Number of protein chains: 2
Amino acid sequence: MTKTDESIEHENSNGSAETEAGAFSIRVLDRTLAVIGFMAETRRQVGITEISGATSLSKATIHRILSTLRDHSVVLKDENGRYQMGPAVLLWADAYRRRSGLSELARPLLRVLWERCRETVHLFVYENGDAFYLDKIDSPHPVGMRSRIGARRDLYSTSAGRAILSFLPDSERNAYLDRTELLAHTAMTVTDRAKLEEILAFGREQGFCEEKEENEEGIRCVGAAILDLRGYPVGAVSVSSPSYRFSDEQSRSIGVFVRDTALAVSRGLGYGK
Amino acid sequence: MTKTDESIEHENSNGSAETEAGAFSIRVLDRTLAVIGFMAETRRQVGITEISGATSLSKATIHRILSTLRDHSVVLKDENGRYQMGPAVLLWADAYRRRSGLSELARPLLRVLWERCRETVHLFVYENGDAFYLDKIDSPHPVGMRSRIGARRDLYSTSAGRAILSFLPDSERNAYLDRTELLAHTAMTVTDRAKLEEILAFGREQGFCEEKEENEEGIRCVGAAILDLRGYPVGAVSVSSPSYRFSDEQSRSIGVFVRDTALAVSRGLGYGK
DNA sequence: TGGATGCGTTCCGTTCTTCGTAACGGACAG
DNA sequence: CTGTCCGTTACGAAGAACGGAACGCATCCA
């Protein structure tokens, strides 16, 4: 069963695939979340044996977990005994999305931005140390970015993440940079901390950050931070596009649009009033 | 703590808030889902004590559960120690929504329907015995329905649910009616099984079902089933509106639109090919 | 200012829940 | 028919989860 390449850490040196939890955790819950995570990643019906292979849990354990989840419609089981995500999670996601109102507030403004530049527009939300895709409007062009609502993205290599970083309080930004190893996703990824800090300082000044094929070959990005009424970054807006339609000048002019859009959203949150 | 009016069953006569699981379940997982369910219902930050009161679990237990969930970004904790849903669930919901593709397929067709009737349009998905809100487009009028993506709805009293019921195989429909108690949500709710079966038979014939203030005072609804290539109902489309803008004739003419929309979606799924 | 009350959090011994091995039964292919 | 795969079930052992009680910290009120 092909290794779950993208999954988080896993596989500590001792061979146990258990994720090391922050403090004290409920083991079966950690395991359950690993199972759900795997099912959400592979977007298709999966059997217990396959999940067992991916998570290093016994089939009996997984069967017990899935049976419980099924009773609550968190997962569904088809007639062949294969499992998939179920509709109960919709309510949870709606509850999260509705809470901040960021999604509703930003949606019409994102659409204006999309009309202007006709490229894939992303909305991110920042939650203590991580950026998540919250919403997107796809490019009308067939060549699209692949992105999944809810996926977690790096702060240091994405334009939106950099925009967020650049507006973080110094202490918080430094804490992040101290604990984070700058890994290269492509040959272009900036992995030098000093260079990155330069980029962030410049980005903060001009109001948006760029990224040139640093996450995916052939894709460029510009992003700007959304600030709440205290000036704290709660999210970001970004535009992604294939490099061949995204010259340096275009990147800058779109960057201004992105910055203005993010600013409008920030105003809606009370920033600058 | 205003009673969670709309919440599903809960609260068995014995006072224990534990939901009786189907077969054998993992207790702590059931409890976890009760906690998550409560948090998703009350869309705001909640403290451990409040959750404890609502679920009859000890504070220590809830604290342990929430700590574990927090490690995985399923819930977030603010600086005052209050909890709320977190972004990890977005990925799960996206995985579910993407699986069938019903949402993407139906969206443009729902918009056409919405342009025609300018009322709140709902998309439902049917998963073994339950109907869930999958998507909606709100009425432009200020008076809107209250509905939450992911919420579970009755099959017997809603127009969409009836449309689904009417196209279910006889055995499955009868099994549902046998096990379901027809509760009145308003004074108008049809609670007589024979009468309901009449409504279903008629609905199946004309291709859509109605509902007159049977779920909420002053709200009417028409719905039609979405069928897959085997003719099995996988969901439904419905239009809701305040009664004062929804005469019997309007209901019928909109019903035809709804039926046609649902049919177009069904075609997209391979029905009738 | 001091006490009282509420909160989220931690501790710890007991117990009952969860665990994995192994066996089962059915589906399918050779 | 037989081998191998699947999902499922059984059961005794082990240790994970449990909750009462204590803690530290806020806030509120006298």
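Predicted, not measured: the structure shown is a model, and the values here were computed from it. Atom set for the values below is all heavy atoms of this structure, side chains included, hydrogens, waters and symmetry mates excluded. All chains are named by letter (A, B, ...) in the order of the sequence lines, taking the proteins before the strands, and each is independently numbered beginning at 1.
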| message | Over all strands shown, is B/Thr49 touching base, sugar-phosphate only, or nothing at heavy-atom distances under 4.0 angstrom? | response |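 Since only primed, P, OP1 and OP2 atoms lie under 4.0 Å of B/Thr49, the category is sugar-phosphate.
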| field | Nearest-nucleotide comparison on DNA chain D, the residue closer to the 5′ end among B/Ala60 and A/Arg82 | value |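 Looking at DNA chain D, the more 5' nearest nucleotide goes with A/Arg82.
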| request: Report the residue (A/Ser67 or A/Leu29) whose heavy-atom-nearest nucleotide on DNA chain D is the more 5′ of the two. | output: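 With A/Ser67 and A/Leu29 compared, the 5'-side residue is A/Ser67.
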To the nearest angstrom, how far is [X] atom [atom1] from [N] atom [atom2]?
| X | N | atom1 | atom2 | value |
| --- | --- | --- | --- | --- |
| A/Ile51 | D/dT8 | CD1 | P | 11 Å |
| A/Glu50 | D/dG7 | CD | P | 9 Å |
| A/Ile65 | D/dT8 | CD1 | C1' | 15 Å |
| A/Ile48 | D/dT9 | CD1 | P | 10 Å |
| B/Ile26 | D/dT9 | CD1 | P | 14 Å |
| A/Arg64 | D/dA10 | CZ | P | 13 Å |
| A/Asp30 | D/dA16 | CG | P | 12 Å |
| A/Arg27 | D/dA14 | CZ | P | 14 Å |

| message | Atom CZ of residue position A/Arg193 - does it have more than 12 heavy atoms of other residues, nucleotides or ligands inside 6.0 Å? | response |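 More than 12 within 6.0 Å, yes.
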| task | State the CD1-CD1 distance between B/Ile48 and B/Ile62, to the nearest 0.5 angstrom. | result |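 CD1 of B/Ile62 is found 7.0 Å from CD1 of B/Ile48.
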| task | Look up atom CZ in A/Phe124 and atom NZ in A/Lys136, then write down how far apart they are to the nearest 0.5 Å. | result |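 The NZ atom of A/Lys136 is 11.0 Å from CZ of A/Phe124, to the nearest 0.5 Å.
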Would you please confirm or rule out a distance under 4.0 Å between OP1 or OP2 of [N] and any side-chain N or O of [X]?
| X | N | result |
| --- | --- | --- |
| A/Tyr83 | D/dT8 | yes |
| A/Lys77 | D/dT8 | yes |
| A/His63 | D/dG7 | no |

| said: List the residues meeting salt bridge (Lys or Arg N to Asp or Glu O under 4.0 Å) with A/Arg173, not counting sequence neighbours, and say none if there are none. | reply: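 Result, salt bridge (Lys or Arg N to Asp or Glu O under 4.0 Å) vs A/Arg173: A/Asp170.
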| message | Under 4.0 Å from a heavy atom of chain B: give me the 5'-most and 3'-most nucleotides of DNA chain C that qualify. | response |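 Listed 5' to 3', the contact boundaries are C/dC7 to C/dT18.
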| task | Take the angle between the ring planes of A/Tyr156 and A/His185 and call it parallel below 30°, perpendicular above 60°, tilted in between. | result |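 Ring orientation, 0 to 90° scale: parallel.
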| field | B/Arg82 with B/Asp78: basic N within carboxylate O range, under 4.0 Å | value |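 No salt bridge links B/Arg82 with B/Asp78.
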| field | Side chains of B/Arg148 and B/Tyr133, donor plus acceptor under 3.5 Å | value |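 There is no such pair between these side chains.
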